Amino acid sequence: MSMAGAAQDTGPGAASKVRKGEVLLQVKGLKMYFPVTEGIIFRKTVAQVKAVDGISFDIRKGETLGLVGESGCGKTTTGRCILQLERPTEGEIVFAGQNLVDLDARALRPLRRKIQVIFQDPYSSLNPRMKTGDIVAEPMYVHGLEPDATKREQRVKELFSVCGLSPNLTDRYPHEMSGGQRQRVGIARALSLNPEFIVCDEAVSALDVSIQAQVINLLEDLREEFGLTYLFIAHDLSVVRHLCHRVAVMYLGKIVELAECDELYDNPLHPYTRALLAAVPVPDPEIEAKREHQTVKGEVPSPINPPSGCVFHPRCPLAVDSCRSEIPDLRELKPGHWVACTEV
Amino acid sequence: MTVSDVRIDPDAERAVERTPRPAALLGLIARYPLGAAGAFVVLVMIFAAVFAEAIAPYDPEDNAFEYMFTPPGAQFWLGTDDFGRDILSRIIHGARTALFVGFVAAVIGATGGLVLGVASAYFGGWFDLIIQRVMDVFMAFPLIILALAVVAVLGPGIDKVIIAITIPFIPQCARVVRSSALAIREMPYVDAARACGFSHARIILRHMVPNVMAPYLIMITAFVGQAILLEAVLAFLGLGVQEPTAAWGLMLKSGAEEYAESAPWIPIFPGLAISLAVFGFNLFGDALRDALDPKLRAQ
Amino acid sequence: MYNYIIKRLILTIPTLFGAAVLVFVLMRLVPGDVCEVRMAGFGTFADPEAIEICRENLGLNDPVLVQFGQVMWGYLTLDLGVSMWTGQPIVDEIGLRFQLSLEIAILATLVAILIAIPLGTISAIKQDTWIDYVVRAFSIAGIAMPSFWLGIMIILGLLITTQALFGTPWMPPIVYVSPFEDPLGNLAQVFWPAVATGYRYSAVATRMTRSTLLEVLREDYVRTARAKGLLEKIIINRHALKNAMLPVVTIFGIEFAFLIGGLVVTEQVFNLNGLGKLFVESVLTLDFTMTQQLVMLVVVIFVFMNFLVDLLYAWLDPRIRYG
Amino acid sequence: MAKILEIENLQTQFFTSAGTVRAVDGITYTVNRGETVAIVGESGCGKSVSALSILRLIPDPPGRVVGGSIRFMGMDILALSDAEIRKVRGRRIAMVFQEPMTSLNPVLTIGRQLTETLEHHLGMAREAANARAAELLGMVGISDPERRLTQYPHHLSGGMRQRVMIAMALSCEPELIIADEPTTALDVTIQAQILELMRDLTKRLGVALIIITHNLGVVARYADRVNVMYAGKIIEQGSALQIYHQPSHPYTLGLLKSVPRLDQPRKEKLDPIQGQPPDLTRLGAGCAFRPRCRYAVERCANEIPALEPVSEGHTSACWQKDSLDQPLRDAS
Amino acid sequence: GETPVRGGILKFVVGSKIPSYDAHMESTFGMIHPIRPFYSLLIRVNPENPSSPTDFVCDLCEGDVPAATNNGLTYTFKIRKDVKFHDGTPLTAHDIKATFDKIIFPPEGVPSTRKAFFSSLDSTTVPDDYTLVFNMKYASGAFLPAVAAPYNFVYSKKDLDENGYAWHQKNINGTGAFTFVEHKPGAYVEGKRYENYHHEGKPYLDGFRAISAPKMAVRLQAIRGNRAAIEFRGFPPKARDDLVKALGDKIVVQESDWNCALQFLPNHRRKPFDDVRVRRALTLAVDRRAGSKYLSKIAIVKTMGGVVFPGHPLAATEEELSKIAGYWPSIEKSRAEAKRLLKEAGAEGLEFVLLNRGVDQPYRVVGTWLIDQFKKVGLKVTQNVLPSPAFYDAVRKKHDFDVTVYFNCQSIVNPLADVSAYISDDIAGNNYAGYQDRTMDKLFDQMNRASDPAEQRRIMRLYEKRALDEEALQFITLWWYKINPHRSYVKGWKIAPSHYLNQHLDNVWLDPDLM
Ligand SMILES: Nc1ncnc2c1ncn2[C@@H]1O[C@H](COP(=O)(O)OP(=O)(O)OP(=O)(O)O)[C@@H](O)[C@H]1O
Ligand SMILES: Nc1ncnc2c1ncn2[C@@H]1O[C@H](COP(=O)(O)OP(=O)(O)OP(=O)(O)O)[C@@H](O)[C@H]1O
Ligand SMILES: [Mg+2]
Ligand SMILES: [Mg+2]
């Protein structure tokens, strides 16, 4: 099994080097509004869910971008737009030089191979009526990657062992496996098409701590082995820190902060990022006892009716009058550290 | 670190244990006693239908006026009817008609519904809307007039009866299947299939259809029962299979009208046969539903 | 909400139109016509010329499109026309029978509710005990028995038992009396058909009640209620049943709509002068106009009941709010 | 310290067609007045079942408490009649469940769900109960409580619902609250709000709390004492400090090592526990953790280790507990 | 022998529903039973002797039914002077003329169903207010029975002139024994005693209620449960037995041959039924003697007969019948002959479909029996039962059948008119077997014009033999049999050979002692 262009030096410490690599995926001004409709024949849009509201970022080859934020802030939607499971309302998604948004279904097909996905729920992301081996083999068959059945089988077994699964498991059904095993099958399926880019949507959130660590290690290994690029969507900040080169923090459809991983964690600028970090309890009673426990007030507002100005202002400790009316731009405060806040 | 270092989990080799056959059967019977009773009835019926010639003591169609209205007894276990025909033999042969009508109508109806329902859920939009409206029309339409028209236009006969019965099944099944399929369409594995760039047909046939098999199977068993009953009702209204063919509804038609009192065995036994058959299929279908629907399973 | 109602109503138009076309076409496809049945259907001699005149008078010789146009124009002008069999206005003919059918439908629904909800509940609570099995067998029997057979057995049973008990056989009255004039007489007439239909109807609802209640009883909020130390009775009535009723209401609504059409057989067996009987008669005599309007009535009721169920759903389930 | 709950050798099993699930397999612990006890462990290890057993809420069939005893304030819970246990539920021991989305009845108003306990247990009249309910909502930090009373659960966000659940649990001033993963379904910021709230309230009202979670951070922050469960058994027990700083069971050790931590520098690699949790219907003769354990010895396969003291108030069920290396302490 | 008692309401059940009230265009007993009591006829079947097919008496005329004069070319009726319509208008000969003119010479666009029965009539005249004269084109024995037909309700000329010819479809104004009270469509028709009824002392009843009940079982149970006292059409034999068994002497049963021939017609247009041998084989296969014995226990058929109603003087005697194929005393011989003929015609083991009407009694029962009969000579027959409209369409319009069950069911017994179904299909309006046989036509014509009854009878035999045997044109299975079990308190009503006859109810009374 070989894959072209496997980056050699992709450990966390190599982040800055990666920054210099070529841009694989570029998201520009992505907006995804879901209409809230009424009526069945005469659909009338009465409101819009601004699930993603004008975000831009780019990901370089071999890089892992983390996307964090609270539930409903648009992380999954961003991922789905990149996967072209959702046609964005506005914006561009440029992958390997081609704007995916402009392509029709047929032109998209060869590109689909290159962008794969790993889902959160290991229970519902595998077709319960197919054997796991077939699940992994099917994409290869459809794309004609391995037309020969025995070779295909061989490759499925290879993929299984790459993902830490015994090749004997190919004729089991998903329900005959544990959650961790299923997640590995999901990963094997994503790998089967030799992708360049994988969207991991909460790929480890549903797993138990002990299993979670296994899968994180696997993802890391695969990244190194095949030079993969990840968009790593998660809400567990410590996992994101462990795995990502850069991290984007989303709040209510917008990116509020984007920086190199260490920079972000060591030196969070946006009040929301700070609140997030403060809220994560650390598994050490001593440290916890010393830490001040300041929590951010209030709940996440509805994306149907987001607050005016800066979307975070109702919960923000730094909020001033102008936050209520002015939408802050993403500013590059330090090289590579972008923040959407006027008060820092 | 290389791939070979990834540790293979120690549990992996553990064989999937499946309960051995006879034990599984007994277990099922214990778990679904009513369902087992239903399955038994169904099996008996199938047996009767297949081996009717061998089991039935008399020709089901031969008139024998010397024996007309013989009450149940040693010679005719269930008695004879107005033409002196052996009721037991007619019931045994009638199982064939009932099962034939039942199965063919159920399978065609449910399959039609399956295809329409899944396609409707998958494509959504206008396609869904139009299919839904058409289904509404058929759902709302009185069965009897549909049946009457079909029989009148195409002429009577068992195949026409089947068509008449099948038509209302399609929207019924489509509805149920559609609602399951709608849920399935939102499943990540369907998204995964789309992300892999599979064709619509492939996603529908390989990824959606197999996952709505549970409602489909449940609908089929329910439909067999319904079809048997409908066939009887149509026969009662004079639209079904015709004399001298042995069919339960037909036996009941004349029997229930004229001989309910003086020769009660004439209507009672076919009535029981119908009830029992429908009962059996329903029990079986219920158990199947319980077994297939984890939400209902008694843990 | 009003917007929603109006939109729902507009949405019914294609269904109604589709049904109107379907019944129109089906009726014209059926061989024969009302004049043949009416004048020459009884074996006596009939002058072919007279039959032809009858056809001419009823407009049966007009081009089909013209006839269809007339039907549609009738709907637009709210004129349902006259029966081809009696020549009486259809509104009057239907009006006469509607009360009875409605009464039986309502009564059958009551019977069904009275049977279905307690039985379904008991069956769910006692899941997999013999009580559950008995209830399920009882309710499935309701679906399994051909309704005409059940009806005939009921009448016969009444005749035989009353004769055995009182010496003279008694059967329910066969001529309709309004409940406002003679409540007892009316009840004596509609009770048995209501039971016969209601039983069958309840069978569907009992099973629905049971299965939804089983689902609901596994819900987290029922566990919450238990953890609160509430009485089992309150848990079932307040917490579980209210949720379980949502799908059951749908069943009642849809079955009610079917009931009007489904009364066909019961009304025949009990000789009730209702819509079902009229329906069968019109179909068998090829009374096109009457059949057309009766089918449309059934369809309208069906559509309306679905609509009502939706509204009821919205009312019962606070989660649903329409525009 | 007054013991309010003493659980001894509790065993709860589910009798299913696939076999007998030994969901809780002989656990023993106590809870003192005003104390917060955490139960941690992987999914399916029996945390919820052990909690439900305390209130006798195990669905029967298929489940049953088959052994052991539960004494609450001197009462033998397992011997109470149905009517008596109902007087304990909600009144003296309250529960908060994991899923705020599904644990509230969708068709009843918040007010009704709050007042029914008050009416039922405290015999309050409708008005009084309403007033008290509003007060409780205010206490858990819900603004505009009167209006909220007339709303339905779907009008509230997840965090709010969990606050309602807490208000409900507090309503009859119970002596013990069992919170089964109260924040797992919530976002971090909301999770922090809720946990702070629970801690404040329990401390203020002197309520004992059993908190079930698999988030080790949460345990570290809020628990006084910790029970670590694995495959239906408590395998380590001790104060939070003891558990985190001297983990004496390979499983606890593994857990602590496998999570990435914000308070420590980024590591090259995580060090996960290998393998899968065991199937509770097929527990072998020895220690259930043995197949995944890197310290396993011969003895582990045949003999189930018992909880034995490691130090004062710290016990562990491992034959090798004394020979584990202690890398964690050094790392920090 | 008992004296009638006045009073009471007669409740009876009717199995068919009312189309319009105008009997001149309708043909169903569903309107005769409830509506006939509101009207009178010029002459009617003798209520005291309805079973006689030839006994007519005056209703609106005076004295005896007049015999034809002027070589059978003139009938002069004296009209009663004491008759008033229910609306008070006195009845005169003009009303009766207007009635018969409507029936026989209807204006353009007015349907009259039986005008063909009056083909021998030339005109009606009214010399004075109370005299009506029918002028004939030629003498015909079929004329008087046609006049006595129960459909010939006498309407008032005033109504026809003022309200038009359609008025009677929805309105009732007659001179009958009862006046119209109300009609609840689908439920019942109610009438009450007409105090000015022209037959002295009648009616006895205070009123009647005709209850609609399309299902046989309901009608039966209604009588049993005393919701109704009588049903006038007829019950199957088993129903009679059930009633008698349950109610004993509370039930009286009247029975009679019925002027309905249950036929089966081979389709001459279709092979191999164009072959007389095949057709003869069909009739030879049928064992009418055994059928009469057994079918009469399960169906409303009984008497074996030829083309003429068995009770009528023109009907064949048993001996005459025995010479006709299909009526031979030995069924073995018949069947052997049938097989021989089939073999000869190369139609052994012929498979065909028997078309039938979707009505149980007696069609479906007899059809099922016929199939078994055919099976006995090696024919393989299946049955195709159609709802009435489709059945008529297939038989009458499309001629789409191999062999069909058919029926010839007339009201008044009028053999000369009734057997017209056997003449060529291009002349007869109701021959659906699809043949032309000029010999039959000639015989029919001769028979109709023969004034001597003996001569008529002789030709009838030739006609019958040719139809049933020699040419095997169409066949009769058995004649219908009318069974009327009713509550024994119903008195005065006498069974007639047709359910259309004797339904004016003026002579019916209820015996309070038996109620
Ligand atoms: N198909 C859709 N139609 C309407 N609204 C949608 C749709 N998909 C997502 N949304 C809305 O868009 C917003 C963003 O959703 P998204 O799933 O992207 O959030 P998320 O960040 O992934 O949240 P989580 O952490 O809960 O997965 C939410 O408010 C959601 O309700
Ligand atoms: N109703 C039941 N029927 C059968 N087995 C059950 C039932 N409820 C729980 N179990 C089994 O009991 C064991 C313990 O379950 P429990 O819910 O206590 O786990 P948990 O530790 O709370 O896990 P989680 O973290 O996922 O909530 C599991 O193996 C589960 O499969
Ligand atoms: Mg998401
Ligand atoms: Mg749990």
Side-chain angles (χ1 to χ4, degrees), chain A residues 11-13 68-73 164 177-181 206-218 220-221 235-243 261-262 265 272 275-289 291 293-302 315, chain D residues 40-45 141 157-160 185-197 199 214-223 226 239-241 243-245 251 254-264 266-277 279 292 328 332:
Chain A
V68 293
E70 275 172 296
S71 181
C73 69
M177 294 186 153
S178 72
Q181 287 173 326
L207 304 174
D208 261 318
V209 245
S210 66
I211 310 295
Q212 198 175 35
Q214 296 172 8
V215 174
I216 290 172
N217 281 353
L218 174 65
E220 262 183 300
D221 293 347
H235 55 244
D236 186 330
L237 292 163
S238 30
V239 169
V240 169
R241 188 178 84 133
H242 178 80
L243 206 61
C261 186
D262 292 334
Y265 281 85
Y272 176 63
L276 272 185
L277 288 171
V280 181
V282 173
D284 187 327
E286 243 174 20
I287 299 175
E288 278 299 329
R291 251 168 43 133
H293 298 138
Q294 213 168 24
T295 58
V296 63
K297 300 279 168 302
E299 311 255 343
V300 188
S302 144
R315 302 175 73 190
Chain D
V40 281
E42 259 165 312
S43 182
C45 70
S157 67
M160 298 270 235
L186 303 175
D187 280 317
V188 257
T189 56
I190 310 297
Q191 176 176 339
Q193 290 172 5
I194 298 286
L195 287 170
E196 289 300 317
L197 173 75
R199 190 172 53 179
H214 50 240
N215 186 328
L216 295 171
V218 168
V219 177
R221 186 146 171 177
Y222 301 102
V226 182
S239 74
L241 272 175
I243 296 287
Y244 281 83
H245 292 184
Y251 175 65
L255 270 192
L256 289 169
K257 280 207 252 176
S258 60
V259 287
R261 295 169 60 158
L262 284 181
D263 60 324
Q264 287 171 9
R266 281 168 78 172
K267 282 190 294 188
E268 199 61 15
K269 242 340 178 281
L270 294 175
D271 185 10
I273 307 173
Q274 293 304 331
Q276 306 286 330
D279 179 346
R292 306 174 73 185
L328 284 165
S332 55

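Residue numbering restarts at 1 for every chain, and letters A, B, ... go by the order of the sequence lines. As the structure is a prediction and not an experimental result, all values here were calculated from the model.
- A:Pro281 pairs with exactly one of D:Leu262, D:Leu195, D:Val218, D:Leu216 by the side chain to side chain contact (heavy atoms under 4.5 Å, CB included) rule, that one being D:Val218.
- With respect to D:Val188, the side chain to side chain contact (heavy atoms under 4.5 Å, CB included) criterion is satisfied by exactly one of A:Leu277, A:Asp236, A:Val280, A:Val68: A:Val280.
- Minimum interatomic distance between D:Thr189 and A:Ala279 (heavy atoms only, all atoms of both residues): CA-CB, 4.0 Å.
- Considering every non-hydrogen atom in both A:Ser238 and D:Pro260, the closest pair reads CB-O, 3.4 Å.
- Applying the salt bridge (Lys or Arg N to Asp or Glu O under 4.0 Å) rule to A:Arg315 yields the partners A:Glu70; only residues at least two apart in sequence or on another chain are considered.
- Residues passing the side chain to side chain donor-acceptor pair (under 3.5 Å) test with D:Ser258, sequence neighbours excluded: none.
- When each of D:Leu255, D:Val259, D:Ile190 is scored by its heavy-atom pairs under 4.5 Å with chain A, the top score falls to D:Ile190.
- In this structure, CD in D:Gln274 is found 9.0 Å from CD1 in A:Ile211, a value given to the nearest 0.5 Å.
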Apply side chain to side chain contact (heavy atoms under 4.5 Å, CB included) to the pair A:Val282 and D:Arg221, showing each step before the final yes or no. CA-CA 7 Å; A:Val282 173; D:Arg221 186 146 171 177; over 6 Å; no
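- Shortest non-hydrogen contact noted between A:His242 and D:Lys269 is CE1-C, 4.1 Å.
- A:Pro283 has its side chain within reach of D:Arg261: a pair of non-hydrogen atoms, C-beta onward, lies under 4.5 Å apart.
- No donor-acceptor pair closer than 3.5 Å links the side chain of A:Glu286 to the backbone N or O of D:Leu241.
- Separation of atoms CD (A:Glu220) and CG (D:Leu270) is listed at 6.5 Å; rounding is to 0.5 Å.
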